[in-house]
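Comments concern the structure below.
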Amino acid sequence: MWQVYKKELLELVRDRKTLFFVIALPLVIFPVIFALMGGVMASAQLEEEKKIHRYVIVGAQYAPEFAEDLFYHKSFEQVESTLSEASQLDEAQLIAEIKQGAFDMVIIIPAEYVEQQQNNSRSYWRVIFNDASLSDRLYGRISALVNKHSTAQRKAKLAAIGLSDEQQAGVINPITLVKVDTADTRENLGEKVGGFIPYLLIPLCLVGAVYPAIDLGAGEKERGTLETLLLTPVPRTMLVLGKFAAILTTSLLSALLTVSSMGFWAFIMGSMLDLTPVKMAFGSIGAFDLGLIFALLLPLACIFASVVLAISIYARSFKEAQNYMAPLNILTFLPIAMALVPGISLNSTTAMVPVMNVALAIKEIVKGTVDYQQVALIFLSQAVLAVVVIGFSIRWFNKESVLFR
């Protein structure tokens, strides 16, 4: 077995494609991802801050203070529309002009606003704009200006009846909730980003096993070296275990480099960008936590290595093996996506679901709230499944109808 293992591992090391997917990709992917995320987020935020919203205001004479604040705001630019001065307001035409790009927003202040203020009645202002963009801050900015104007009106009325600022606060908000969060920074951040880490770790374990497996199974058939290997005085079980050990080595190496790279670059990113919460959260993930993540990936890598080896043994050619293994990506991402669904947590039931149990456990480890009994259950269930799949691969390799299709 060990002679086969050394021979297969040596051939994999000589393959540049395998070295790229097993070693280079895990080391490069995290700095690239973090750099791209940081660059895109910074660029999008900068563009949004510089964006100028063109607006038309109807009834500005009824609220001159608000109109003036809006006019001098750095994020707004007033434009004129003949419809805003018409005696009969045509909202449909204003909406049509917004869709045509003439301006971004229309604010309609009703003529009754002055009277409503005198009667202490509520006034309804209309804001017409396109709210389809999730990154557009138009409504938030206009709401802030309206709230500022509304607060000034409220304070003036309350002051007129002799209430101090403190009494005004008590009248406006008689009860104020004081939030005391029992979750620390690590738990809060882990809940938000911990579920996405398996999206990187688990698929890379699969990638680290796929390409070596294709070469050690279907690749042997294409090169015509499988028959020679079968003629050697080595039991077929040992041949399978040797190939399996080589594939498992590349998969675990990919996982180990991925976990190490993730921890290193996450901490570096938090330090360079002075993101104290990120730095504190990822900085609190110690060597034991990273080791626990690696331990959970160990039996999962065994399962991946066995499955891809069985597929590669069955395939007639390198290309056919690639086609057979393509659906594995979908079957891997589906349970990871299920782990992100709100309400799904790590328990005795989900701990038995392959891939999803590891994704949930990694999330809990990042949060710092992992239940070690559940981790033991996950490890046990995956180990049993790995043994079954390895046994299937050995049986598969012993069938002539499979080897020489």
Start with the C-alpha gap between F66 and L70, add the side-chain angles, then the distance that decides, and say whether side-chain contact (heavy atoms from CB on, under 4.5 Å) holds.
-> CA-CA 6 Å; F66 171 77; L70 186 59; 4.2 Å; yes

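- For CZ of R395, the number of neighbouring non-hydrogen atoms (other residues, nucleotides, ligands) closer than 6.0 Å is 12 at most.
- Taking OG from S312 and CG from D215, the interatomic distance works out to 8.0 Å, rounded to the nearest 0.5 Å.
- Interatomic distance, CZ of F392 versus CG of L309, reported as 11.0 Å (0.5 Å rounding).
- Using modelled atom types, no side-chain atom of Q374 and backbone atom of D371 make a donor-acceptor pair closer than 3.5 Å.
- Residues I344 and M338 approach most closely at CD1-O, 3.2 Å, considering heavy atoms.
- Here the shortest heavy-atom pairing between A209 and S251 reads CB-CB, 4.0 Å.
- Taking the ring centroids of W125 and Y62, they lie at or beyond the 6.0 Å cut-off.
- How far CD1 of I202 is from CG of L297: 6.5 Å, rounded to the nearest 0.5 Å.
- With hydrogens and angles ignored, the 3.5 Å screen pairs a side-chain donor or acceptor of Q382 with a backbone N or O of L296.
- A donor-acceptor contact closer than 3.5 angstrom is absent between the side chains of T332 and N329.
- A heavy-atom distance below 4.5 Å is found between the side chains of L360 and M356.
- When side chains are defined from C-beta on, L300 counts as touching V358, because their heavy atoms get closer than 4.5 Å.
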Begin from the C-alpha positions of V308 and M325 and carry the test side-chain contact (heavy atoms from CB on, under 4.5 Å) through to its verdict.
-> CA-CA 7 Å; V308 296; M325 292 185 188; 3.8 Å; yes

Run the side chain to side chain donor-acceptor pair (under 3.5 Å) check on Q116 and S121 step by step: do they pass?
-> CA-CA 5 Å; Q116 290 168 341; S121 301; over 6 Å; no

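- Applying the side-chain contact (heavy atoms from CB on, under 4.5 Å) test between I362 and each of I336, L292, I293 identifies I293 as the sole match.
- A heavy-atom distance below 4.5 Å is not found between the side chains of W396 and N398.
- Proximity of a side-chain donor or acceptor of E222 to a complementary backbone N or O of F318 within less than 3.5 Å is detected.
- Here the side chain of S381 pairs a donor or acceptor atom with the backbone of L377 at under 3.5 angstrom.
- Between Y324 and Y314, the ring planes lie tilted relative to each other; the angle falls in the 30° to 60° range.
- Here the shortest heavy-atom pairing between A339 and A359 reads CB-CB, 3.8 Å.
- The minimum heavy-atom distance between I378 and A361, with the atom names listed, is CD1-CB, 3.7 Å.
- Between Q78 and Y55, the closest side-chain pair of non-hydrogen atoms falls below 4.5 Å.
- K221 places a side-chain N or O within donor-acceptor distance of the main-chain N or O of A315, the cut-off being under 3.5 Å.
- The pair E91-R126 counts as a salt bridge, with a side-chain nitrogen and a carboxylate oxygen less than 4.0 angstrom apart.
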Pairs under 3.5 angstrom only: tabulate donor-acceptor contacts from the side chains of residues 103-114 to other protein residues two or more places apart or in another chain.
unit_1, atom_1, unit_2, atom_2, d
D104, OD2, R54, N, 2.9
Y113, OH, H149, NE2, 3.1

Derivation and outcome, side-chain contact (heavy atoms from CB on, under 4.5 Å), residues F244 and S306 = CA-CA 7 Å; F244 164 78; S306 303; 3.3 Å; yes

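- Residue K243 holds its NZ atom at 13.5 Å from CD1 of I394, rounded to the nearest 0.5 Å.
- A321 approaches I311 most closely through the heavy-atom pair O-CG2, 4.4 Å.
- A distance-only check finds no donor-acceptor pair linking the side chain of N147 to the backbone of L145 [under 3.5 Å].
- What you find for A246 and L216 is that their closest heavy atoms are CB-CD1, 4.0 Å.
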Could you walk me through whether C302 and L248 pass the side-chain contact (heavy atoms from CB on, under 4.5 Å) check?
-> CA-CA 6 Å; C302 291; L248 180 62; 3.7 Å; yes

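- Put simply, the side chain of K157 never gets that close to the backbone of A152: no donor and acceptor are under 3.5 Å apart.
- For K148, the NZ atom counts as loosely surrounded, since its 6.0 Å shell holds 12 or fewer non-hydrogen atoms of other residues, nucleotides or ligands.
- Between L385 atom CG and I390 atom CD1 the span is 9.5 Å, to the nearest 0.5 Å.
- Residue Q153 holds its CD atom at 10.0 Å from OG of S123, rounded to the nearest 0.5 Å.
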